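Pasting in a structure now, in structure tokens, and then I'll have a few things to ask.
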Amino acid sequence: MKAPTLALFIILLCLTNAFSQSQDTRPKVALVLSGGAAKGFAHIGVLKVLEEVGIEPDIITGTSMGSIIGGLYAIGYRADTLEQLIIEQDWNQVLSDQVPLQTVIFEEKPYFENQLLELSYEHGKIQSPSGLIYGQQVDLLLSKLSLSAYPLTDFKEYPIPFRCVAADIAKGEPVTIDSGYLPTAMRSSMSIPTAFTPIQRDSALLIDGGLIRNFPVVEAVEWGADIVIGVYTGWQQADVEGLKSFSNILLQAGFLMSVKDAEEQMPYVDIYIAPELSEYGAQDFLKADSIIAQGEKAARAQLPLLKQLADSLNLLKPAPKRKSLNKIEWLYISQINVVGNRKLPDEEIIERAGIQTGTTTLIEDLEQAINRLVGTNDFEKVSYQLHQEEGLTILTLECIEKAPNLIRTAIHYDKYTGAGLLLNLSTHNLLLPTSRLMVTGMIAENYRFHLNYLKYLDGLQQTNLSTTLSYTRDEIPIFQDGRQNETFKVKEFLVDFKLQRRIGINNMIGIGVQREHLFFSPAVSSTPIFESLNYTNHNAYAFWEMNTLNSNKFPTKGTALSVEFKAINNNRIRLELIDGEDISTADSLFAFDPYLKITTQLKTYIPLHAKASLVLSPFIGLVFNPSNTFGDFYLVGAPTPLTRRSIPFYGLNANQLIAQYALGTGLGYQHRLRNNLFLSIDANAGWFASPDNPDTPFPLPANFTAGIGTSIGYDSFLGPVRFTTMFPFAGDDLPSTLNFFLTLGHNF
């Protein structure tokens with residue numbers, strides 16, 4: 001505390017007021033808010049008590065989380081509004097670099113959130129990951145919340161003058177920020193090393209001010225503060241007994257300079273409030289309500305002194321009426337600038353964003369434009385700044401591009417595929433501009449390899465020509481003449497060309513042609529029918545796909561839909577019998593005439609409340625092949641799709657049924673038990689017709705099959721883990737046994 005005491009200081013001011021009525025003698029009250037990450041939410045509880053007693057600070061200074069709470073309060077947010085914002089916020093989303101899956105363009109969705117590690121390859125070297133968060137969602141949130149302040153570049157002009165503190169990592173000095181763009185200032189002050197990337201400001205590289213100046217009292221005094229209310233939520237220096245854990249030793253070492261600096265600030269503090277937060281960690285963002293309550297409790301412990309201060313200040317002179325900032329709901333963008341881009345031209349980035357100058361733009365539209373850019377998978381981060389120049393609003397898009405060459409890797413295991421390593425290589429603008437080459441492989445017993453070259457044909461990059469080569473191996477049961485105890489392996493080589501157009505972000509329509517090679521051979525058979533059977537088909541197709549799911553891992557809302565109409569024409573059949581005879585004529589038992597195939601699969605998640613969703617999954621698969629050959633079929637079974645012919649079905653093992661016709665639906669309930677833990681119960685039923693015998697009249701007779709399953713899922717650092725227990729309770733010739741299926745890691 002200062003000397004003289006606060007009470008004596010106020011008495012002296014009263015005496016001064018009595019002898020000098022013409023002078024403005026009301027002292028300036030400063031509110032100083034420290035950092036502490038999630039612990040800083042306690043500042044909101046203190047603000048609630050200050051509002052209750054009628055104290056509105058004349059100056060606010062803050063560091064890290066204190067800069068965010070203080071900055072928003074300074075521009076007009078009240079404590080109850082801040083409390084609601086903090087408690088209702090999805091902090092897992094905010095503290096990530098991920099944009100919502102719904103804003104990722106359709107052709108990039110399969111690769112989004114679908115890798116364990118991403119490395120860049122540039123200048124002949126593989127670059128290791130920085131391990132840092134660029135703060136994509138943090139920047140968007142801060143920009144949205146502080147939109148009303150963007151016309152003001154001098155923080156003294158806010159309803160409550162504001163300053164925040166960051167640290168210059170090169171010089172090891174505190175940097176006071178009281179001008180510029182408020183979201184960038186707050187973001188600079190909270191750039192925790194090893195967690196968030198630093199922020200460049202002029203020639204300085206700024207990190208979290210809490211490492212050097214976590215309690216910015218001096219900055220308030222420099223602006224003329226007479227009375228200082230200080231709220232400290234940062235690291236408290238531990239004694240020897242408190243330094244027995246490795247984490248505490250690291251924290252003490254990291255914040256030692258900051259703690260010493262805070263002690264030096266204490267003599268300037270008149271009312272000191274230190275909430276009891278020993279039971280909470282800096283990462284406890286989901287405990288915001290409890291932390292806010294601790295701040296309120298600590299402030300109420302100082303209630304007599306706070307009331308005395310409020311009454312004394314009002315006796316001296318009523319507080320000045322604060323101006324309020326105009327609420328901004330839309331923007332008229334006069335000019336758009338792009339900075340930070342290297343390979344993509346300004347015009348292409350602006351065109352991708354879909355924002356036009358000279359038009360009215362809602363803040364929601366601006367956020368969607370930013371997410372669209374990040375959703376192209378070409379950027380590590382895209383943020384924006386707004387400023388006024390001669391009455392015109394100028395939008396600046398700040399881009400950090402990804403390296404042109406990326407290497408992604410993950411692991412995968414499931415009961416059918418076995419253990420596998422996933423590798424993905426991508427490069428942009430190889431051979432042609434606005435193009436992307438993607439090579440993906442899974443090294444496993446049932447392996448998969450895909451090569452895709454995609455070339456955009458229009459400026460908005462909505463229409464593209466896609467070329468795909470794929471080679472896969474699978475194991476399937478063959479139902480021939482009623483025998484179901486054999487296993488065949490099929491290798492498939494596919495060449496695919498398609499012209500497709502994206503409608504909006506989440507829909508894709510197109511037409512394509514394929515050359516398909518299928519190689520069948522017996523894997524397990526007591527009396528094999530043939531040594532090998534090879535098909536070469538030429539196909540034409542049209543499709544519509546939609547994906548509005550909110551996650552690739554454990555979606556809780558949205559729809560995934562696939563509709564395909566395909567015409568199949570056999571070009572060549574080669575049959576090698578057991579005795580070595582080679583048959584390659586159209587008179588073969590396995591030959592067929594051209595036919596049509598229609599496939600529709602839907603999976604939609606309907607939220608029931610914040611933690612529960614209803615899951616609907618109808619499906620239709622029809623192969624109109626009168627020859628009833630098993631050259632084309634659906635593979636039914638397992639709770640997740642395993643091949644491009646798969647129809648997932650609870651109760652059955654992988655590929656347990658082979659069907660020429662499939663018609664059915666599924667109904668499930670999914671519940672989030674806690675942040676990353678899910679429980680689901682699913683039931684499904686359908687009619688399936690198997691191509692048992694080429695002599696069976698067309699159409700085939702269908703059999704009814706039903707099953708039920710329950711799954712537990714966990715979103716781990718290795719990728720999603722899902723364990724399912726299933727049971728079939730209807731179906732001809734199906735054993736009534738309990739089946740299990742486990743998947744671990746990301747999908748191919």
Side-chain angles (χ1 to χ4, degrees), residues 1-18 20-21 23-34 39-62 66 69-70 72-74 76-84 86 159-162 215-217 220-221 223-233 265-277 289-322 324:
M1 292 287 187
K2 290 181 185 177
T5 64
L6 173 63
L8 180 58
F9 182 69
I10 294 176
I11 292 173
L12 292 174
L13 287 175
C14 290
L15 292 174
T16 303
N17 184 61
S20 181
Q21 293 292 331
Q23 298 182 10
D24 182 5
T25 55
R26 180 183 172 95
K28 289 186 177 181
V29 177
L31 177 63
V32 178
L33 306 178
S34 77
K39 293 183 179 182
F41 293 155
H43 297 318
I44 297 173
V46 175
L47 288 170
K48 290 171 69 175
V49 175
L50 293 183
E51 289 180 0
E52 181 182 317
V53 300
I55 295 177
E56 184 171 271
D58 302 281
I59 299 165
I60 297 179
T61 63
I69 303 299
L72 295 178
Y73 197 78
Y77 285 85
R78 310 312 293 171
D80 57 348
T81 305
L82 288 174
E83 181 178 28
Q84 183 178 5
I86 294 299
I160 302 175
F162 172 70
F215 200 36
V217 180
V221 174
W223 259 10
D226 300 303
I227 300 169
V228 175
I229 301 173
V231 186
Y232 188 78
T233 58
Q265 308 285 316
M266 291 300 179
Y268 300 98
V269 179
D270 297 292
I271 300 178
Y272 179 64
I273 300 174
E276 172 51 52
L277 300 170
D289 52 348
S290 300
I291 294 174
I292 292 171
Q294 288 298 107
E296 183 176 351
K297 179 180 179 181
R300 292 197 179 281
Q302 300 280 8
L303 198 58
L305 195 55
L306 292 172
K307 285 184 176 179
Q308 180 186 3
L309 173 60
D311 294 341
S312 301
L313 291 173
N314 289 328
L315 284 174
L316 289 171
K317 188 175 183 179
K321 183 174 178 59
R322 303 292 183 189
S324 59

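The first residue of the sequence shown is numbered 1, and numbering continues consecutively from there. All values reported here derive from a predicted model rather than from experimental measurement.
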Applying side chain to side chain contact (heavy atoms under 4.5 Å, CB included), name anything that partners Ala293, two or more places apart in sequence or on another chain.
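Applying side chain to side chain contact (heavy atoms under 4.5 Å, CB included) to Ala293 gives none.
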
Between Asp80 and Gln84, does a side chain to side chain contact (heavy atoms under 4.5 Å, CB included) hold up when you go through it step by step?
CA-CA 6 Å; Asp80 57 348; Gln84 183 178 5; over 6 Å; no

Spacing of CG belonging to Asp311 relative to CG belonging to Leu306, to within rounding of 0.5 Å:
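Output value for this atom pair is 11.0 Å.
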
For Pro159 versus Ala74, what's the shortest heavy-atom pair and its separation?
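Scanning both residues completely, I find the closest heavy atoms to be CD-O, 3.3 Å.
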
Would you mind reporting whether Pro57 and Ile160 have side-chain heavy atoms less than 4.5 Å apart?
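SC-SC contact between Ile160 and Pro57 confirmed.
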
For Ala310, enumerate each residue passing the side chain to side chain contact (heavy atoms under 4.5 Å, CB included) test, keeping only those at least two apart in sequence or located in another chain.
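Applying side chain to side chain contact (heavy atoms under 4.5 Å, CB included) to Ala310 gives Ile55.
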
With a 4.5 Å limit on heavy-atom distance, are the side chains of Leu309 and Val53 in contact?
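Not in contact.
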
Output, in order, the C-alpha distance, side-chain angles, deciding distance and verdict of side chain to side chain contact (heavy atoms under 4.5 Å, CB included) for Val46 and Leu33.
CA-CA 10 Å; Val46 175; Leu33 306 178; 5.9 Å; no

Atom pair CD (Glu56) and OH (Tyr73), whose distance is rounded to the nearest 0.5 Å
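So the gap between those two atoms works out to 6.0 Å.
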
Would you name the heavy atoms of Ala220 and Val32 that are closest together and state the gap between them?
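Distance-wise, the nearest heavy atoms are CB-CG2, 4.0 Å.
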
Separation between CG of Leu72 and CD1 of Ile44, rounded to the nearest 0.5 Å
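Result: 9.0 Å between the selected atoms.
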
Check whether any side-chain heavy atom of Leu31 sits under 4.5 Å from a side-chain heavy atom of Leu47, and report yes or no.
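Leu31 reaches Leu47 side chain to side chain.
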
What residues, two or more places apart in sequence or in another chain, satisfy side chain to side chain contact (heavy atoms under 4.5 Å, CB included) together with Glu296?
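For Glu296, the residues satisfying side chain to side chain contact (heavy atoms under 4.5 Å, CB included) (neighbours in sequence not counted) are Lys48, Val49, Arg300.
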
Residues two or more places apart in sequence or in another chain: which of them pass side chain to side chain contact (heavy atoms under 4.5 Å, CB included) with Lys297?
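Listed in chain order: Gln294.
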
Using salt bridge (charged side-chain N to carboxylate O under 4.0 Å, His left out) as the criterion, list what pairs up with Glu51, not counting sequence neighbours.
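Expected list: Arg78.
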
Hey, could you give me the CD/CD1 distance between Glu83 and Ile292, rounded to the nearest 0.5 Å?
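If I round to the nearest 0.5 Å, the distance is 4.5 Å.
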
side-chain hydrogen bond (donor to acceptor under 3.5 Å, both in side chains) with Ser34: which residues, sequence neighbours excluded?
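Per chain and number, Ser34 pairs via side-chain hydrogen bond (donor to acceptor under 3.5 Å, both in side chains) with Thr233.
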
Do Pro275 and Ile291 make a side-chain contact, defined as non-hydrogen atoms from C-beta onward lying under 4.5 Å apart?
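They are not in side-chain contact.
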
Nearest heavy-atom pair of Ile273 and Ala299: which atoms, and what distance?
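Smallest interatomic distance, heavy atoms only, reads CG2-N, 4.0 Å.
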
How long is the gap from CZ on Phe215 to OH on Tyr268, to the nearest 0.5 Å?
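Going from CZ on Phe215 over to OH on Tyr268, the span is 13.0 Å.
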
Please tell me if the side chains of Lys28 and Trp223 come closer than 4.5 Å, counting only heavy atoms from C-beta onward.
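The answer is no; the side chains never approach within 4.5 Å.
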
Distance check, rounded to the nearest 0.5 Å: Arg26 atom CZ versus Ile227 atom CD1?
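Between Arg26 CZ and Ile227 CD1, I get 9.0 Å after rounding to 0.5 Å.
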
